[in-house]
Visitor: 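Shown below is the structure under consideration.
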Amino acid sequence: MPWRIGPADRATGQRPDPYRVWLSEVMLQQTTVAAVRDYFRRFTARWPDVAALAAAPDEDVMGEWAGLGYYARARNLLKCARAVVSQHHGHFPSTREGLLGLPGIGPYTAAAIAAIAFDEPAVVVDGNVERVMARLHLVETPLPPAKAELIALAAALTPDHRPGDYAQAVMDLGATICTPRNPACGICPWAQPCAARAAGVQGELPRKLAKAAKPLRTGVAYLARRADGAWLLERRPDQGLLGGMLGWPGSDWAASPADQPPLAADWRDPGAEVRHTFTHFHLHLALRIAEVPLDAAPERGFFLPSADFRPSALPTVMRKAYDIARSIL
DNA sequence: TAGACGTGGAG
DNA sequence: TCTCCAAGTCT
């Protein structure tokens, strides 16, 4: 993984760059390694250190993050980079407690950075560690109530020697061997002491409380292309869903939203809607598409010139709408 | 403290 | 097609 240093460098006492550790850990929050890899490469190529990132315009960072999800992470990433520069002389705090004070850094990320970048024996507990501990110690209590117990069990195993390598090793074990489904107990180095394995319930742990069903919300989005190729977009407010990202003007997303076009035009119905599922609801988004003249004066949003418009800077639901509009215009 | 907050891949 | 979920944080 591009954010790790090799064993040869590690053997010389070299530490990984705290900036790269921080960036990778934030990207990896609730996100798979496969999804993060290319984003990490693009971010570090464009912004090689925390000072460069802190100096970047908001819209550049949000656009580079587009598609990775949980956009509050990108907003907090910038806040954090700027705080490190302005309040910590451009250096990340080296302790769990110091890191916890920064935006977007919670208990897991603070411990991970402290252990991996600064060799602090912090207790690193993510979903992988929770799963490994629940199985190793046969914890039947469901998550999230079991959280405190699992942290205590993880703390009892955390070594003072090479805590960063230990933390990554347990997370790697969870990601590759002690997986949620069909764990590979036959090649697991902890198969012998594993209580869940002995009881034959390893595939059922950790237990989890049932989640709420996702309601259906609907909405309408308006995609207007001006005669010169510019698209009518708007910047979404910083708070809430897709906060700070570009999007198409349209209705709210609700059980039965009211809607109002952003400008007068001959709106066409493409006959296809966008279906998208967020963490807590399903969305059916109807589309209205129009070609408008150069002097069109929108009541909402702004025309982004085609030379400045990259579909990759849109969140996925907005890019799905764009793909449909482009196919019929 | 429980709910808000994205996405793409696996089964 | 559908559910689950992945290296969580914020409010």
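All values below come from the heavy atoms of this structure, side chains included, with hydrogens, waters and symmetry mates left out. Predicted, not measured: the structure shown is a model, and the values here were computed from it. Chain letters run A, B, ... following the sequence lines, proteins first, then strands; residues in each count from 1.
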Visitor: Taking only heavy atoms on the protein side, list every residue of residues 17-29 of chain A lying under 4.0 Å from any atom of DNA chain C, sorted numerically.
Guide: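 Per residue number, the list reads A/E25, A/L28, A/Q29.
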
Visitor: Identify whether any heavy atom of A/G67 sits under 4.0 Å from a base atom; if not, whether one sits that close to sugar-phosphate; answer base, sugar-phosphate or nothing.
Guide: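 The residue A/G67 makes sugar-phosphate contact but no base contact.
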
Visitor: So, A/R73 versus A/Q30: side-chain donor-acceptor pair below 3.5 Å or not?
Guide: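 No donor-acceptor contact under 3.5 Å links the two side chains.
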
Visitor: Holding to ring pair (Phe, Tyr, Trp, His ring centres under 6.0 Å), I want the full list of residues that pass it with A/Y39, two or more places apart in sequence or in another chain.
Guide: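 Listed in chain order: nothing, the list is empty.
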
Visitor: Run the side-chain contact (heavy atoms from CB on, under 4.5 Å) test against A/A191 and tell me which residues pass, sequence neighbours left out.
Guide: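 For A/A191, the residues satisfying side-chain contact (heavy atoms from CB on, under 4.5 Å) (neighbours in sequence not counted) are A/C188.
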
Visitor: With sugar-phosphate meaning primed atoms plus P, OP1 and OP2, does A/M1 contact a base, only sugar-phosphate, or nothing at under 4.0 Å between heavy atoms?
Guide: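 Since a base atom lies under 4.0 Å of A/M1, the category is base.
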
Visitor: For A/L68 and C/dG8, what is the distance between atoms CG and P respectively, to the nearest whole Å?
Guide: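 In whole Å, C/dG8 P and A/L68 CG are 13 Å from each other.
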
Visitor: With sequence neighbours excluded, what pairs up with A/E204 under the salt bridge (charged side-chain N to carboxylate O under 4.0 Å, His left out) test?
Guide: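 Expected list: A/R207.
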
Visitor: Distance check needed: C/dG8 P versus A/I151 CD1, whole Å only.
Guide: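 Rounded to the whole Å, the gap is 13 Å.
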
Visitor: Start at the 5' end of DNA chain B and walk down; is the nucleotide closest to A/F281 or to A/T32 reached first?
Guide: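 Its nucleotide being nearer the 5' end, the pick is A/F281.
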
Visitor: Write down the distance between OH (A/Y108) and C1' (C/dT9), rounded to a whole number of angstrom.
Guide: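 Taking OH of A/Y108 and C1' of C/dT9, I get 13 Å after rounding.
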
Visitor: Which part of the nucleic acid, if any, lies within reach of A/P144 when heavy atoms closer than 4.0 Å are counted: base, sugar-phosphate only, or nothing?
Guide: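 Contact class for A/P144: none.
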
Visitor: A/A199: what forms a side-chain contact (heavy atoms from CB on, under 4.5 Å) with it, not counting sequence neighbours?
Guide: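 A/A199 satisfies side-chain contact (heavy atoms from CB on, under 4.5 Å) with A/L138, A/V201 once adjacent residues are dropped.
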
Visitor: Return the orientation label for the A/W22 and A/Y19 ring planes: parallel under 30°, perpendicular over 60°, tilted otherwise.
Guide: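 Rings of A/W22 and A/Y19: tilted, as their planes differ by 30° to 60°.
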
Visitor: Please write out which residues are connected to A/L294 in a hydrophobic cluster, directly or through intermediates, given that two of Ile, Leu, Val, Met, Phe, Trp, Tyr count as joined at side-chain heavy-atom separations below 4.5 angstrom.
Guide: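 None, because no other hydrophobic side chain comes under 4.5 Å of this residue.
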
Visitor: Do the side-chain N or O atoms of A/K214 get closer than 4.0 angstrom to the phosphate oxygens (OP1, OP2) of C/dC2?
Guide: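 False: A/K214 side-chain N/O out of range (4.0 Å or more) of C/dC2 OP1/OP2.
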
Visitor: For a quick check under 3.5 Å, do A/Y108 and A/Q29 share a side-chain donor-acceptor pair by atom type?
Guide: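 Per modelled atom types, A/Y108 and A/Q29 side chains form no pair under 3.5 Å.
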
Visitor: Expressed in angstrom and rounded to an integer, what is the separation of A/K147 atom NZ from C/dG8 atom C1'?
Guide: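 Going from A/K147 (NZ) to C/dG8 (C1'), I get 8 Å.
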
Visitor: Which nucleotide in the set C/dA6, C/dT9, C/dC5 lies at the smallest distance from any side-chain heavy atom of A/P180?
Guide: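 Selected nucleotide: C/dA6.
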
Visitor: Residues from residues 129-143 of chain A sitting under 4.0 Å of DNA chain B, heavy atoms only?
Guide: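 Here the set is empty: none.
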
Visitor: List the residues meeting salt bridge (charged side-chain N to carboxylate O under 4.0 Å, His left out) with A/E97, not counting sequence neighbours, and say none if there are none.
Guide: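 Salt bridge (charged side-chain N to carboxylate O under 4.0 Å, His left out) check on A/E97 returns nothing, list empty.
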
Visitor: Mind checking salt bridge (charged side-chain N to carboxylate O under 4.0 Å, His left out) for A/R75 and listing every partner two or more places apart, or none if nothing turns up?
Guide: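 By the salt bridge (charged side-chain N to carboxylate O under 4.0 Å, His left out) rule, A/R75 matches no residue at all.
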
Visitor: Could you list the residues that satisfy salt bridge (charged side-chain N to carboxylate O under 4.0 Å, His left out) with A/R46, not counting sequence neighbours?
Guide: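 Testing A/R46 for salt bridge (charged side-chain N to carboxylate O under 4.0 Å, His left out), a comparison that skips the adjacent residues, returns A/D60, A/E64.
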
Visitor: Looking at CG of A/L28 and CE of A/M171, how far apart are the two atoms once the value is rounded to the nearest 0.5 Å?
Guide: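 If I round to the nearest 0.5 Å, the distance is 8.5 Å.
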
Visitor: At under 4.0 Å, does any side-chain N or O of A/Q30 touch on OP1 or OP2 of C/dG8?
Guide: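 For C/dG8, OP1 or OP2 has a side-chain N or O of A/Q30 closer than 4.0 Å.
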
Visitor: Take the protein atom CZ of A/R73 and the nucleotide atom C1' of C/dC10, then report the distance between them rounded to whole Å.
Guide: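 These atoms are roughly 14 Å apart.
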
Visitor: Can you give me the first and the last nucleotide of DNA chain B (5' to 3') that has an atom within less than 4.0 angstrom of a non-hydrogen atom in chain A?
Guide: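 The footprint of chain A covers B/dA4 to B/dG8.
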
Visitor: Tell me which residues in residues 270-280 of chain A put a heavy atom below 4.0 Å from DNA chain B, sorted by number, or none.
Guide: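 Residues of residues 270-280 of chain A under 4.0 Å from DNA chain B: A/H276, A/T277, A/F278, A/T279, A/H280.
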
Visitor: Between A/Y70 and A/A212, which has a closest nucleotide on DNA chain B that is more 5'?
Guide: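 First, find each residue's nearest nucleotide; the 5'-ward one identifies A/A212.
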
